[in-house]
Amino acid sequence: DIQMTQSPSILSASVGDRVTITCRASQSIIKWLAWYQQKPGKAPNLLISKASSLESGVPSRFSGNGSGTEFTLTISNLQPDDFATYYCQQYNIYSRTFGQGTKVEI
Amino acid sequence: QVQLVQSGAEVKKPGDSVKVSCKTSGYTFTSYSISWVRQAPGQGLEWMGWFSANNAKANVVQKFQDRVTMTTDTSTATAYMELRSLRSDDTAVYYCARVYNAYAPSLYWGQGTLVTVSS
């Protein structure tokens, strides 16, 4: 099974900051990686697919990068609405695995 | 518009079974699969598996294979996930999510169903 490891687990930041979350796969997943944002009591919201493709309606301050085993999610100019938990997820024909999550807090 | 509406919260005792439903609308049900994901209180997301509404085939994570049954009812465009032999650590919010194919993540999700297992 492919394991996904996110870091950091908690990220303290301020409005206006640029923050980066890292996700590492235990084996190459090429570019089959998604990023989700989740707020308390809500279902996850898809931000980015295929490592770097921004979903429709997602602000351009979100960006994804990477391929193979190492990926990043960057939020530039952090806004109050961005304080949430972020998850990476690999997806392929056999399985889907989430990282353990990164909580972005004030 | 695409909607996935899940059944309401459940309280079960250890050893019981629970069946969560996910009623879909706004798209051709048999063109997609349904993934099931759970989240224990204060914990991360855990993918349980998916079920193809097209060919009625399931792909269930090994740890759940002996306790989970995923099905669909194409006449009502509804997906079901049954979890048997419940334990306290099965207490979680269970989500359904639409899957287009193996190489697409889930854009549309249900609102979640809280299953509480307690004696």
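In the text below, chain A, chain B and the rest are named by the order of the sequence lines, each starting its count at 1.
Residue contact with chain A, scored on non-hydrogen atoms closer than 4.5 Å, is absent for B:Gln62. With a 4.5 angstrom heavy-atom cutoff, B:Val61 does not touch chain A via any of its atoms. The part of A:Tyr87 that comes within reach of chain B is its side chain, from C-beta onward, which places non-hydrogen atoms under 4.5 angstrom from that chain. The part of B:Val99 that comes within reach of chain A is its side chain, from C-beta onward, which places non-hydrogen atoms under 4.5 angstrom from that chain. With a 4.5 angstrom heavy-atom cutoff, B:Tyr103 touches chain A via backbone and side-chain atoms both. Interface remark: A:Ala43 contributes backbone and side-chain atoms alike to the contact with chain B (heavy atom separation under 4.5 Å). Only the side chain of A:Gln38 comes within contact range of chain B, judged by heavy atoms closer than 4.5 Å. Using a 4.5 Å cut-off between heavy atoms, B:Ser35 touches chain A through its side chain atoms alone. Only the backbone of B:Ala104 comes within contact range of chain A, judged by heavy atoms closer than 4.5 Å.
Taking A:Pro44, A:Gly101, A:Ala34 one by one and counting their heavy-atom pairs under 4.5 Å with chain B, the maximum is reached by A:Pro44. Across B:Gln39, B:Gln43, B:Gln111, B:Glu46, the residue that shares the most heavy-atom pairs under 4.5 angstrom with chain A is B:Gln39. In terms of heavy-atom pairs under 4.5 Å with chain B, the best-connected choice from A:Gln100, A:Lys42, A:Gln89, A:Glu55 is A:Lys42.
Between the NZ atom in B:Lys63 and the CG atom in A:Asp1 there is a gap of 11.5 Å [rounded to 0.5 Å]. Atom-to-atom distance recorded for A:Thr97:OG1 and B:Leu45:CG is 12.0 Å, nearest 0.5 angstrom. Note that CH2 of B:Trp109 is 5.0 Å distant from OH of A:Tyr36, once rounded to the nearest 0.5 Å.
The environment of A:Lys50 atom NZ is sparse: at most 12 non-hydrogen atoms of other residues, nucleotides or ligands sit within 6.0 angstrom. The environment of A:Arg61 atom CZ is dense: over 12 non-hydrogen atoms of other residues, nucleotides or ligands sit within 6.0 angstrom.
Taking each heavy atom of B:Ser106 and A:Leu46 in turn, the nearest pair found is O-CB, 3.8 Å.
Linking Ile, Leu, Val, Met, Phe, Trp and Tyr residues whenever their side-chain heavy atoms come within less than 4.5 Å places B:Val20 and B:Trp50 in a single cluster. Both A:Ile106 and A:Ile75 are members of a single hydrophobic cluster when ILVMFWY side chains are connected at heavy-atom separations under 4.5 Å. The hydrophobic clustering, which links ILVMFWY residues whose side-chain heavy atoms are closer than 4.5 Å, places B:Tyr95 and B:Tyr108 together. By the rule that hydrophobic residues join a cluster once side-chain heavy atoms approach within less than 4.5 Å of another member, B:Trp36 and B:Phe64 end up as members of one cluster. Hydrophobic clustering, with ILVMFWY side chains joined whenever heavy atoms are under 4.5 angstrom apart, groups A:Trp35 together with A:Val58.
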